[in-house]
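Remember, it's a predicted structure, so these values are computed and weren't measured experimentally.
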Amino acid sequence: AALAETGETRAAIAREGSLAPLTQLLACEDATARTHAAACISKLASGDSGIQTQITTQLIALASDAREGVQARGAHALWALVREAPQAHDAIAKAGSAEALTQMLSSRVAAARGFALWALSRAINEANQPVVVDNGGVPPLVALLGESHLATRAQAASALARLAADGAEGRRAQAAIRMAGGVAPL
């Protein structure tokens, strides 16, 4: 983590392809290696939106892993990135593929589901509306409207509103929302 102190060094580390091995360390069984990797990732991500985007993409891959422990570590690292980079929320939310985020909505790991919902509520647009609909994103978003936590319901409503925006894909999403029973809870 000490090497990641300066912006120039952070850029060199990212340019040389060291981000992927660091994020992969979060999946290993060695707690010390995970702790050091997380500290280094945190330092690398500070203040550089390009590096934040790269790290987010790699952490989403971890949070989508079939192993629940790896999913949890990836999701917790994503939330740490969100907390540490409030100025980069939009870039972080848009860094993940809509397909991966939609699949994460069905994760058994609450932190992974929560990150996917947060990101989708900020990042759904005309280009990725069909991806979310075609990958089964509407039913879990509608189900989240029934959650007790107000922020969860608000994020689900925001994601559905973005899906239902004007245009042909928006009309298709509106039909999917109706079919999933999403009108009444809204």
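- The minimum heavy-atom distance linking His76 with Ala111 is given by the pair CE1-CB, 3.9 Å.
- Gln129 meets the side-chain hydrogen bond (donor to acceptor under 3.5 Å, both in side chains) test with no other residue; sequence neighbours excluded.
- Nearest heavy-atom pair across Ala37 and Leu25 is CB-CB, 3.6 Å.
- Residues Ala63 and Ala112 come closest through the heavy atom pair O-CB, 4.1 Å.
- Criterion: ILVMFWY side-chain heavy atoms under 4.5 Å apart, direct or through other members. Under it, Val109 and Phe115 are not part of a common hydrophobic cluster.
- Every residue was checked against the side-chain hydrogen bond (donor to acceptor under 3.5 Å, both in side chains) condition with Thr56, not counting sequence neighbours, and none meets it.
- Taking the side-chain hydrogen bond (donor to acceptor under 3.5 Å, both in side chains) definition, one finds that Asn135 meets it with nothing, sequence neighbours left out.
- The stretch residues 75-89 participates, sequence neighbours left out, in no salt bridge (charged side-chain N to carboxylate O under 4.0 Å, His left out) pair at all.
- Pairing each heavy atom of Pro130 with each of Ala127, the nearest pair is CD-O, 3.8 Å.
- Put simply, the side chain of Gln155 never gets that close to the backbone of Leu117: no donor and acceptor are under 3.5 Å apart.
- Residues satisfying the side-chain hydrogen bond (donor to acceptor under 3.5 Å, both in side chains) test with Arg122, not counting sequence neighbours, are Asp90.
- Scanning both residues, Leu145 and Ala157, for their nearest heavy atoms gives CD2-N, 3.7 Å.
- In this structure, Val138 is not a member of the same hydrophobic cluster as Val131, with clusters built from ILVMFWY side-chain heavy atoms closer than 4.5 Å.
- Considering only heavy atoms from C-beta on, Leu26 stays 4.5 Å or farther from Val70 through its side chain.
- Within the structure, salt bridge (charged side-chain N to carboxylate O under 4.0 Å, His left out) pairs that include any residue of residues 142-164 do not occur (at least two apart or interchain).
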Tell me which donor-acceptor pairs under 3.5 Å the side chains of residues 177-186 have, and how far apart each pair is, sequence neighbours excluded?
none

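- Residues passing the salt bridge (Lys or Arg N to Asp or Glu O under 4.0 Å) test with Arg108 are Glu68, sequence neighbours excluded.
- Here the side chain of Asn128 pairs a donor or acceptor atom with the backbone of Asn125 at under 3.5 angstrom.
- Between the side chain of Arg73 and the backbone N or O of Ala27, at least one donor-acceptor pair lies under 3.5 Å.
- Legend: side chain to side chain donor-acceptor pair (under 3.5 Å) pairs involving residues 165-176, not counting sequence neighbours, sorted by first then second residue: Asp134-Arg172, Glu169-Arg172.
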For this session: For side chain to side chain contact (heavy atoms under 4.5 Å, CB included), just list the numbers for Val133 and Leu163, CA-CA rounded to whole Å, side-chain angles, deciding distance to a tenth of an Å, and then say yes or no.
Result: CA-CA 8 Å; Val133 173; Leu163 272 178; 4.1 Å; yes
For this session: Starting from the C-alpha separation in whole Å, work towards a yes-or-no answer on side chain to side chain contact (heavy atoms under 4.5 Å, CB included) for Leu62 and Gln71.
Result: CA-CA 6 Å; Leu62 283 181; Gln71 280 182 31; over 6 Å; no
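- Not counting sequence neighbours, the partners of Ser64 by the side chain to side chain contact (heavy atoms under 4.5 Å, CB included) test are Ile60, Ala100, Met104.
- A continuous path of hydrophobic side-chain contacts links Leu59 to Trp79 [ILVMFWY only; heavy atoms under 4.5 Å].
- Each ring pair (Phe, Tyr, Trp, His ring centres under 6.0 Å) pair with one or both residues in residues 82-113, not counting sequence neighbours, appears once here: His89-Trp118.
- Expressed to the nearest 0.5 Å, how far CG of Leu105 lies from CZ of Arg113 amounts to 9.5 Å.
- The CD1 atom of Ile92 sits 7.5 Å away from the CD atom of Gln87 when rounded to the nearest 0.5 Å.
- Nearest heavy-atom pair across Thr57 and Ala95 is OG1-O, 3.3 Å.
- Contacts classified as salt bridge (charged side-chain N to carboxylate O under 4.0 Å, His left out) and involving residues 24-39 (residues at least two apart or in different chains) are not found.
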